[in-house]
Amino acid sequence: MPELPEVEITRRQIEPLLSGRTIATLSTTKDSYFFITKPAALKRRLKGQRVARLERVGKYLLAHVEDGQRLLLHLGMTGQLFGAGVSSVRLLSSTGSAALSPEGQQAFAPDDHTHLRFSFEDGGPEVYFRDARKFGKVQLLAPGERCERLDKLGVDALLANGDVLHAGTRGRKAAIKNILLDQQVVAGIGNIYADEALFIAGIRPRAQAGKLSRPACERIVRAAQQVMRRSIETGGSSINDYVQPDGSDGSYQDERQVYAREGEPCLRCGAAIKRIVLGQRSAHYCPRCQR
DNA sequence: ACCGCACCCTGAGCGC
DNA sequence: TGCGCTCAGGGTGCGG
């Protein structure tokens with residue numbers, strides 16, 4: 001599940017494959033709610049356009065085109081952005097195509113889940129956006145066009161501070177875990193890093209957000225930044241679905257302290273890690289270390 | 001304004 | 001071997 005660190009790793013690996021290259025053709029799957037901008041419009045408006053750079057905003061990727069258009073991508077739960085020619089690309093949820101060989105040596109061939117396929121005028125490696133579950137999104141913004149999705153995002157988690165979270169939680173009765181997952185307060189935190197940050201900060205996921213002190217908010221934000229920076233360094237979390245664009249596993253999952261560790265001993269105090277459901281999502285915490 | 005919940009989707013893992 | 005069930009959860013939108 002791509003959260004801020006996984007999206008940032010994707011940005012770093014894919015930007016060199018996009019920037020400075022001119023799109024020759026774009027192929028897509030048939031229209032679905034995956035496409036905020038219709039496939040026909042995407043193809044027409046991107047043909048012959050040169051990509052300038054790839055930016056990350058929260059969990060979104062934003063490809064800037066030289067004519068001022070911007071292509072907004074969200075990886076959802078299972079989205080993958082990767083380049084052709086990487087022999088070890090390991091596909092997620094591959095539907096029995098020959099693309100996935102046991103050794104991962106065979107070249108990737110676009111399948112039913114490959115919603116975007118960019119080819120370039122230089123004839124070099126194609127770039128693919130694949131998403132089996134279609135929780136991802138693609139939207140093409142015209143030059144200067146406002147984007148409500150981006151406008152309502154809170155401060156990027158790596159740039160936030162305790163004041164942002166403190167202000168964003170005043171008067172809120174919801175659990176702090178739910179507020180951390182709300183992208184309008186702080187953008188980029190998902191289920192894994194919310195649990196990990198709350199563990200480090202020593203605060204229970206169910207704690208009422210509006211009652212948290214300023215120092216507590218500061219601890220939470222700093223903890224979130226600490227775990228996400230470390231995750232970026234180690235290639236992200238390959239727990240459920242995520243692999244890096246080059247096909248290799250990340251290794252942050254080896255450092256996680258509470259996420260998906262229900263019943264296992266807390267690495268700090270030995271108590272059994274608990275799992276509860278909060279806002280339709282699982283939350284994990286140490287009943288002794290987190291109050 | 002805020003909160004909780006249903007929903008979109010498909011593959012993995014499990015029990016039988 | 002294969003079926004049917006549950007689970008995973010980011011984001012949106014709804015009703016209360």
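Numbers restart at 1 for each chain; the letters A, B, ... are given by sequence-line order, proteins then strands.
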Length of the line joining A:Gln184:CD and C:dG10:P, which is rounded to integer Å: 15 Å

Rounded distance (Å) that lies between atom C1' of B:dG4 and atom NZ of A:Lys177: 15 Å

Sidechain-backbone polar pair: A:Lys211 side chain, A:Lys173 backbone, donor-acceptor under 3.5 Å: no

Backbone N/O of A:Ala223 and side chain of A:Arg219: donor-acceptor pair under 3.5 Å: no

Distance under 6.0 Å and angle within 45° of ring axis: A:Arg204 vs A:Tyr285: no

Out of C:dG10, C:dA8, B:dC9, whichever nucleotide has its closest atom nearest the side chain of A:Arg275: C:dA8

Pairs satisfying side chain to side chain donor-acceptor pair (under 3.5 Å), at least one member in residues 180-189 of chain A, at least two apart: none

Length of the NZ-C1' vector between A:Lys134 and C:dG10, whole Å: 17 Å

Protein-to-nucleotide contact annotation, 5' to 3' order, nucleotides 11-16 of chain C [B base; S sugar-phosphate only; - none; under 4.0 Å, heavy atom]: BS----

Side-chain heavy atoms of A:Arg172 within contact of A:Ile179, under 4.5 Å: yes

Any A:His113 side-chain nitrogen or oxygen under 4.0 Å from OP1 or OP2 of B:dC9: no

Between B:dC2 (C1') and A:Lys173 (NZ): distance, integer Å: 10 Å

Contact under 4.0 Å: A:Ser282 side-chain N or O vs C:dC7 OP1/OP2: no

Geometric class of the A:Tyr259/A:His284 ring pair [parallel <30°, tilted 30-60°, perpendicular >60°]: perpendicular

Cationic N near anionic O, under 4.0 Å, A:Arg256 to A:Asp195: no

Option among A:Arg56, A:Arg229, A:Lys59 that satisfies the salt bridge (Lys or Arg N to Asp or Glu O under 4.0 Å) test with A:Glu8: A:Arg56

Which nucleotide in C:dA8, C:dG9, B:dC8 has an atom nearest any side-chain atom of A:Tyr33: B:dC8

Short side-chain N/O contact to C:dA8 OP1/OP2 from A:Arg133, under 4.0 Å: no

Cationic tip of A:Arg133 above A:Phe135 ring, under 6.0 Å, 45° of axis: yes

Runs of at least three Watson-Crick or G-U pairs with DNA chain C, cut-off 3.5 Å: B:2-16 with C:2-16

Integer-rounded Å distance: B:dG4 C1' and A:Ile179 CD1: 12 Å

For atom CZ of A:Phe135 and atom P of C:dA8, their distance in whole Å: 13 Å

Integer-rounded Å distance: C:dC7 P and A:Met77 CE: 15 Å

Nearest-angstrom distance from the residue atom CG of A:Asn178 to P of C:dG9: 13 Å

